Colleague: 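What follows is a single structure, and I will ask about it in a moment.
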Protein chains: 2
Amino acid sequence: MATNESVSPWDLLGDPTRRAIVERLATQALAVGELADHLPVSRPAVSQHLKVLKDAGLVSDRADGTRRVYRLNPAGVSALRDQLDTFWQRALSGYQDVVEDDTTTQEDS
Amino acid sequence: MATNESVSPWDLLGDPTRRAIVERLATQALAVGELADHLPVSRPAVSQHLKVLKDAGLVSDRADGTRRVYRLNPAGVSALRDQLDTFWQRALSGYQDVVEDDTTTQEDS
DNA sequence: CGACTCCGTAAGTCGTAACTTACGGTTCGT
DNA sequence: ACGAACCGTAAGTTACGACTTACGGAGTCG
């Protein structure tokens, strides 16, 4: 059920609020209310975004009392990035890829 | 003026039609009508998408008789990819980047 | 010049994603 | 057991992007 591929990664990260949530969860696991406190939208809005992210397998949740703590799902993040990379390869194959030739990468990984 | 940064890369590539255009232009330079012939939308729709892509510096156009030939702009593509990479670094710094090697240490619901 | 091709823009319609408020369920503390 | 804290979902509103048709401009060829 995790890492659902039926949703385009562009749809997932297309929303700024959702990107902010992902960035925040990358720093630390947080409850819904804690996320909403630092976002310009209401708490239910955050819940709805989290549902989308969870359905896509990008985040996982864990009960902690009355709170629900969300964290990033490494496998989902990995799958997401793979999909984006796939686009780039499809888009730029047969085309001079001048991005990687830029050699501004500070470190290989 | 090229490589306008005021538009989010997610907004640019968020639309499937726009992604198809980019992928197609990566293969070869094409006129508006030629692009529209292989897309499920009308020619003006393609024109509007090309305007967005051009304003963002992703494509450049060249007059050829009555036709307008569009091609990808390498600098724009490079800049776009940099912006996306920036997001990933911001999102995943301080977080174990498991893209290259992950494990499904996951619990759901 | 006149007809034809190719294209960009204007104007308007429409679907949908994102948001709000309202409500009910679950859990914990006293 | 009662109230408070925390959350998910339903219902409804709204803003906006993508699309269409209609039109006019620019270029080409006879």
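To find a chain, count down the sequence lines: A is the first, B the second, and so on, and within it residues start at 1. Quick caveat: nothing in here was measured; it's all calculated off a predicted structure.
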Colleague: Select from R68(B) and D15(A) the residue whose nearest nucleotide in DNA chain C is closer to the 5' end of that strand.
Modeller: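 Residue closer to the 5' terminus by nearest nucleotide: R68(B).
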Colleague: Mind listing the residues from residues 34-43 of chain B sitting with a heavy atom below 4.0 Å of DNA chain C? Number order is fine.
Modeller: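 Within residues 34-43 of chain B, the residues near DNA chain C are R43(B).
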Colleague: Please write out each protein N/O paired with an N/O of nucleotides 24-27 of chain C under 3.5 Å, distance rounded to 0.1 Å.
Modeller:
none

Colleague: Toward the 5' end of DNA chain C, which comes first, A45(A) or S47(B), by nearest nucleotide?
Modeller: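 First, find each residue's nearest nucleotide; the 5'-ward one identifies S47(B).
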Colleague: Measure from NZ on K51(B) to P on dC7(C) and round the result to the nearest Å.
Modeller: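 My rounded result for the distance is 17 Å.
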Colleague: So how far is it from S60(A) OG to L50(A) CG, rounded to the nearest 0.5 Å?
Modeller: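 One finds 11.0 Å between OG of S60(A) and CG of L50(A).
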Colleague: Does any N or O in the side chain of S78(B) come within less than 3.5 Å of the main-chain N or O of P74(B), such that one atom is a donor and the other an acceptor?
Modeller: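 Judged by distance alone, no pair lies under 3.5 Å.
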Colleague: Taking only side-chain N and O atoms of R18(A), does any of them lie within less than 4.0 angstrom of OP1 or OP2 on dA18(C)?
Modeller: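 Checking R18(A) against dA18(C): at least one side-chain N or O falls below 4.0 Å of OP1 or OP2.
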Colleague: Check the distance between dA17(C)'s P and D11(B)'s CG and give it to me in whole angstrom.
Modeller: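 The distance from CG of D11(B) to P of dA17(C) comes to 15 Å, rounded to the nearest Å.
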Colleague: Of all nucleotides in DNA chain D that come within under 4.0 Å of a heavy atom of chain B, which is furthest toward the 5' end and which toward the 3' end?
Modeller: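 The protein-touched segment is dA18(D) to dT28(D).
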Colleague: Round to a whole Å and report the spacing from CG of D61(B) to P of dC7(C).
Modeller: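 Spelled out: CG on D61(B) to P on dC7(C) is 11 Å.
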Colleague: Using atom CD1 of I21(A) as one end and atom C1' of dC19(C) as the other, report the distance to the nearest whole Å.
Modeller: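 Distance, rounded to whole Å: 13 Å.
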Colleague: Rounded to the nearest Å, what distance is computed from the NE2 atom of residue H49(B) to the P atom of nucleotide dG8(C)?
Modeller: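 Atom-to-atom, H49(B) to dG8(C), this comes out as 13 Å.
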Colleague: So if you build clusters from Ile, Leu, Val, Met, Phe, Trp, Tyr with side-chain heavy-atom gaps below 4.5 Å, do L72(A) and V7(A) land together?
Modeller: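 Hydrophobic grouping puts L72(A) with V7(A).
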Colleague: Name all residues meeting the side chain to side chain donor-acceptor pair (under 3.5 Å) criterion together with Q28(A); count only those two or more places apart in sequence or in a different chain, and write none if there are none.
Modeller: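 Q28(A) satisfies side chain to side chain donor-acceptor pair (under 3.5 Å) with no residue once adjacent residues are dropped.
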Colleague: So L39(A) and V46(A), do their side chains get closer than 4.5 Å, heavy atoms only?
Modeller: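 When only atoms from C-beta onward are counted, L39(A) and V46(A) do touch, with a gap below 4.5 Å.
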Colleague: Quick check against the 3.5 Å criterion: does N73(A) have a side-chain atom that pairs as donor or acceptor with the backbone of G57(A)?
Modeller: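 Here the side-chain-to-backbone pair exists.
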Colleague: Sequence neighbours left out, what pairs pass side-chain hydrogen bond (donor to acceptor under 3.5 Å, both in side chains) with at least one residue falling in residues 32-43 of chain B?
Modeller: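 Qualifying pairs, neighbours excluded: E34(B)-R67(B).
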Colleague: Any salt bridge (charged side-chain N to carboxylate O under 4.0 Å, His left out) involving residues 8-29 of chain A? Give me the pairs, sequence neighbours left out, ordered by first then second residue.
Modeller: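 Only E23(A)-R90(B) qualify under salt bridge (charged side-chain N to carboxylate O under 4.0 Å, His left out).
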Colleague: Which whole-number value in Å describes the distance from Q48(B) CD to dC7(C) P?
Modeller: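 After rounding, the gap between these two atoms is 15 Å.
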Colleague: Distance check, rounded to the nearest 0.5 Å: L13(B) atom CG versus I21(B) atom CD1?
Modeller: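 Taking CG in L13(B) and CD1 in I21(B), the distance rounds to 11.0 Å.
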Colleague: How many angstroms lie between OH in Y70(A) and CZ in R62(A), if you round to the nearest 0.5 Å?
Modeller: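 Y70(A) OH to R62(A) CZ: 12.5 Å, rounded to 0.5 Å.
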Colleague: Under 4.0 Å, counting only non-hydrogen atoms across every strand here, what does A31(B) touch: a base, just sugar-phosphate, or nothing?
Modeller: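 Contact class for A31(B): sugar-phosphate only.
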Colleague: How long is the gap from OG on S8(B) to CD on Q83(B), to the nearest 0.5 Å?
Modeller: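 If I round to the nearest 0.5 Å, the distance is 7.5 Å.
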